Amino acid sequence: MLAFNNKGLLPPEDYSMTFKELKSSLLVVGPPNKQLINWDVNWRLHLVSQLEILTKQLWEVGINEIFIDGSFVEMKPHPNDIDGYFECDLMYLASGRLEQELNKLDPNKIWTWNPNSRKPYRGYAKKQLPMWHKYRVELYPHVGLPSGIKDQHGNNLQFPAAFRIARYSNEPKGVIKLVR
């Protein structure tokens, strides 16, 4: 059973969940004691529905190791988006095949991680990828290389390590592994 710790984080662990389980979890419906009366259930459910579209596309091309984190898996009433990563073969990504196969499935052709594809969004300092603009979800490929995210000492982290640390406090936290 999911529960936030006293710092508003999931205790450090990988929590395997189906979409049905995720939609009925505290990450969508909120903490059971309703301590956060402004918990945005509708927005969180919308984000999960958007995530489900992209996850099904990844599953269809053979990607099965998919993890989500960010403020969505923290006790934040209205997260801006859902962040995540998936494990894939370096050559599948580097050859462009992964992007091609995913864009055949997505009517909006949003699958790219090219920094030049990032566009501004009002009120945000960071430019966002096309998938974020359409779905408010960012899923990054993990191929065993650094993520570009640094730890408190300035060391580059790979996605599995980077996503298991709260951004502002460097506290260890749990993540959700999506399963069929």
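Every value quoted in this text rests on a predicted model; they were computed, and no experiment measured them.
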Can you say whether the rings of F159 and Y140 are parallel (under 30°), tilted (30 to 60°) or perpendicular (over 60°)?
parallel
Can we say R164 and D14 salt-bridge, meaning some charged N sits less than 4.0 Å from an Asp/Glu carboxylate O?
yes
So, W39 side chain and V28 main chain: donor-acceptor pair closer than 3.5 Å or not?
yes
Closest heavy-atom contact between P130 and S117?
CD-OG, 3.4 Å
Hey, are the side chains of T112 and N103 touching, using non-hydrogen atoms and a 4.5 Å cut-off?
no
With the side chain counted from C-beta on, respond yes when L9 and E171 share a heavy-atom pair under 4.5 Å apart, and no when they do not.
yes
Is Y92 close to V61 at the side-chain level, that is, under 4.5 Å between some pair of heavy atoms?
yes
Would a 4.5 Å heavy-atom cut-off, applied to side chains only, mark I68 and D83 as touching?
no
Can you tell me if E65 and Y85 form a side-chain donor-acceptor pair at under 3.5 Å?
no
Would you confirm whether N108, through its side chain, and I110, through its main-chain N or O, come within 3.5 Å as a donor-acceptor pair?
no
Using a 4.5 Å cut-off on heavy atoms from C-beta on, say whether the side chain of I82 contacts that of Y135.
no
Hey, does the side chain of R44 reach the backbone of H78 with a donor-acceptor pair shorter than 3.5 angstrom?
no
Can we call the ring centroids of F67 and F86 under 6.0 Å apart?
no
List the atom of K119, the atom of H133, and the distance in Å for their closest heavy-atom pair.
O-NE2, 3.1 Å
Does the side chain of I53 reach to within under 4.5 Å of the side chain of T55, using non-hydrogen atoms?
no
Residue pair A161 / L157: nearest heavy atoms and the distance that separates them:
CB-CD2, 4.2 Å
Would you call K7 and E74 a salt bridge, taking side-chain N to carboxylate O under 4.0 Å as the test?
no
Is it the case that the side chains of N80 and Y121 hold a donor-acceptor pair, with the cut-off being a distance below 3.5 Å and no angle test?
no
Using a strict 4.0 Å threshold on nitrogen-to-oxygen distance, state whether E99 and K104 make a salt bridge.
no
K23 NZ: over 12 foreign heavy atoms closer than 6.0 Å
yes
Of all heavy-atom pairs linking C88 and L98, the shortest is SG-CD2, 4.0 Å
Do R97 and E101 sit within salt-bridge range, that is, some charged N less than 4.0 Å from a carboxylate O?
yes
Using a strict threshold of under 4.0 Å (side-chain N to carboxylate O), is an ion pair present between D69 and K173?
yes
Shortest non-hydrogen contact between L27 and F4, atoms and distance
CD2-CZ, 3.9 Å
Going by atom types only, do W132 and D81 share a side-chain donor-acceptor pair under 3.5 Å?
yes
Establish, yes or no, whether the cationic atom of R180 lies under 6.0 Å from the six-membered ring centre of F19 and within 45° of the ring axis.
no
Is there a side chain to side chain donor-acceptor pair (under 3.5 Å) between W111 and Q57 once you walk through the steps?
CA-CA 10 Å; W111 288 101; Q57 292 172 7; 2.6 Å; yes
Are any of the side-chain nitrogens in K20 or E52 under 4.0 Å away from the carboxylate oxygens of its partner?
no
Given side chains that start at C-beta, do those of L178 and L22 come closer than 4.5 Å, heavy atoms only?
yes
Nearest heavy-atom approach of D89 to M91 is OD2-N, 3.0 Å
Can you tell me if CD on E60 sees more than 12 non-hydrogen neighbours from other groups inside 6.0 Å?
no
Do N5 and L10 have side-chain heavy atoms sitting under 4.5 Å apart?
no
